[in-house]
Amino acid sequence: ALDAVVPVGSGGSTLNAITLPTLLTVFSDPENTRPVHTLARGSGVVEHFVDRALQPEGLALSPRIVLHQTRDALKEALLDDPQAIGLMPLSEISGLRQLDLSGSCALSYNTALTDLKSGDYPLVAPIYLYRPMRRLPPIMQDFMAYLETPAAQVVVQRAGFVDQLPDGISLAAQGGRIVGAIEQAGAEVPLPELKDILAALAGHERLSLSLRFEEGGAVLTPVSHAALDRLARQIAQGAYAARSLIITGHTNSDGDFAENKATSLALAETVRKALPAAQAIEVLGVGEALPSACETTAMGRTQNRRVEIWVK
């Protein structure tokens, strides 16, 4: 299951939106005068934000931030001060105003289900189930198998979390990414290359299971590795037997386009080799041509290194 860490304020908050770079400043700058609140360490919220957003920028949590032991105390503090800003799990923001989060480019970060499932929202928070390092009894093996079924994912939805059933996202619904691609076309991405990429993807839908890598390498993150295993099982069971599949590899904008295109193709090939050979799958390296995040933060640059699955 998935949740997300989101910026929030009271219903009467003077803020409606915030950029990701500003959010980082608010939570790290000891000179910031705006009241800032979040949950105390041990909740997972502050740890996730520090690890995912602050540390890659060389930043630390400001000592001025008020840490609350309970969610009720955090909500009360935010509701009492329209100037305050906080961080909360998306599943628990009832009664508070979620602030729109954007980058410093044409891209915005939404908490729509498909954006959360794909990891396009930068502060998605996976919920892990830890297994002991020993053989599980039969009843627990059955439970673990059940967790992979569509029926279990419906239970996840009802509990207020984000399921991991793949959804399709049409190319037409990805306007922000296309705008970002057009912004980069020309000096960095040759326009004919961009046209060829969009032509190859025409008529396809992007599955909401983008695969991302550990920083600086070709090793999938644990969440992406689990998603790839699920996709492999679905392909083996014939879920995509009558459909056209394209695996697209993506990089950030470090380096020139030709180099990035080759790197992105290698990432796509890595994923292709992990899938059943019986399924015909095309691979395509697009370099930095279709960004999913602004690259003004280290988190954005890491987020853009990914592999996507497109189906028709």
Side-chain angles (χ1 to χ4, degrees), residues 1-104 108-111 115-116 119-130 156 159-162 215 221-223 293-294 296-300 302-303:
L2 300 170
D3 204 346
V5 174
V6 296
V8 291
S10 71
S13 174
T14 56
L15 274 178
N16 292 313
I18 190 168
T19 67
L20 183 56
T22 300
L23 185 68
L24 299 184
T25 299
V26 166
F27 274 83
S28 64
D29 185 358
E31 301 301 319
N32 169 62
T33 57
R34 180 179 289 274
V36 182
H37 303 259
T38 191
L39 291 168
R41 294 185 182 275
S43 67
V45 172
V46 68
E47 292 91 341
H48 183 69
F49 184 72
V50 169
D51 291 346
R52 179 88 173 118
L54 294 183
Q55 283 187 351
E57 300 292 337
L59 301 174
L61 202 66
S62 168
R64 295 175 63 97
I65 294 175
V66 181
L67 301 176
H68 299 269
Q69 296 299 323
T70 68
R71 284 156 172 76
D72 287 343
L74 172 56
K75 283 188 176 182
E76 184 177 348
L78 292 170
L79 291 171
D80 285 346
D81 188 349
Q83 298 292 327
I85 184 173
L87 289 175
M88 283 280 286
L90 178 64
S91 59
E92 301 182 23
I93 64 170
S94 176
L96 296 172
R97 173 186 291 177
Q98 180 184 339
L99 306 183
D100 293 334
L101 186 63
S102 64
S104 53
S108 59
Y109 302 123
N110 302 309
T111 51
D115 292 291
L116 295 172
D120 287 348
Y121 184 78
L123 295 174
V124 169
I127 299 172
Y128 295 103
L129 176 62
Y130 293 96
V156 168
F161 299 107
V162 179
E215 187 173 357
T221 65
V223 171
C294 302
T296 49
T297 63
M299 180 166 53
T302 298
Q303 189 173 332

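- Listed by first and then second residue, the ring-ring contact (aromatic ring centres under 6.0 Å, His included) pairs that reach into residues 42-64 are Phe27-Phe49, sequence neighbours excluded.
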Evaluate Ile65 against His37 for side-chain contact (heavy atoms from CB on, under 4.5 Å), listing each step before the verdict. CA-CA 6 Å; Ile65 294 175; His37 303 259; 5.9 Å; no
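- In this structure, Val162 and Val156 have side chains that are not in contact, with every pair of non-hydrogen atoms separated by 4.5 Å or more.
- Atom-to-atom distance recorded for Gln98:CD and Met88:CE is 11.5 Å, nearest 0.5 angstrom.
- When side chains are defined from C-beta on, Leu24 counts as touching Thr297, because their heavy atoms get closer than 4.5 Å.
- In this structure, Pro122 and Met299 approach most closely via the heavy-atom pair O-SD, 3.8 Å.
- Checked against Ile85 for a side-chain contact (heavy atoms from CB on, under 4.5 Å), the options Leu23, Thr22, Leu78 give a single hit: Leu23.
- Inter-residue side-chain proximity for Leu96 and Leu79 is flagged as met; some heavy-atom pair is nearer than 4.5 Å.
- Here CG of Leu116 is found 6.5 Å from CG of Leu90. Values are rounded to the nearest 0.5 Å.
- Across every non-hydrogen atom of Gly44 and Glu47, the tightest pair is N-OE1, 3.0 Å.
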Dump the intermediate steps for side-chain contact (heavy atoms from CB on, under 4.5 Å) on Leu54 and Leu61, then the final yes or no. CA-CA 7 Å; Leu54 294 183; Leu61 202 66; 3.9 Å; yes
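- How far CG of Leu15 is from CZ of Arg34: 4.0 Å, rounded to the nearest 0.5 Å.
- Thr296 OG1 to Leu20 CG: the interatomic distance, rounded to the nearest 0.5 Å, is 7.0 Å.
- Here the CG atom belonging to Leu39 is positioned 9.0 Å from the CG atom belonging to Leu87, to the nearest 0.5 angstrom.
- None of Asp3, Val5, Leu2, Thr111 except one satisfies the side-chain contact (heavy atoms from CB on, under 4.5 Å) rule with Val124; the exception is Leu2.
- For the residue pair Gly103 and Thr19, the shortest heavy atom distance occurs at O-CG2, 4.0 Å.
- Taking both residues in full, the closest heavy atoms of Asp81 and Ser10 are given as O-OG, 4.2 Å, listed atom of the first, atom of the second, then distance.
- Taking a 6.0 Å sphere around CD of Glu57, one finds it holds more than 12 heavy atoms contributed by other residues, nucleotides or ligands.
- Heavy-atom neighbours of Gln55 CD from other residues, nucleotides or ligands within 6.0 Å: above the threshold of 12.
- Closest of all the heavy-atom pairs between Pro7 and Tyr121 is CD-OH, 3.6 Å.
- Checked by atom type and distance alone, the side chain of Lys75 pairs as donor or acceptor with a backbone atom of Glu92 at under 3.5 Å.
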Stepwise, does the side-chain contact (heavy atoms from CB on, under 4.5 Å) test hold for Gln83 with Ser13? CA-CA 6 Å; Gln83 298 292 327; Ser13 174; over 6 Å; no
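- Every residue two or more places apart in sequence or in another chain that forms a side-chain contact (heavy atoms from CB on, under 4.5 Å) with Pro30 is listed here: Ser62, Pro63.
- The distance from the OG1 atom of Thr302 to the CD atom of Glu215 is 4.0 Å, given to the nearest 0.5 Å.
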Val36 vs Asn32, test: side-chain contact (heavy atoms from CB on, under 4.5 Å). Steps then yes/no. CA-CA 9 Å; Val36 182; Asn32 169 62; 3.4 Å; yes
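- For the residue pair Pro89 and Arg71, the shortest heavy atom distance occurs at CG-NH2, 4.0 Å.
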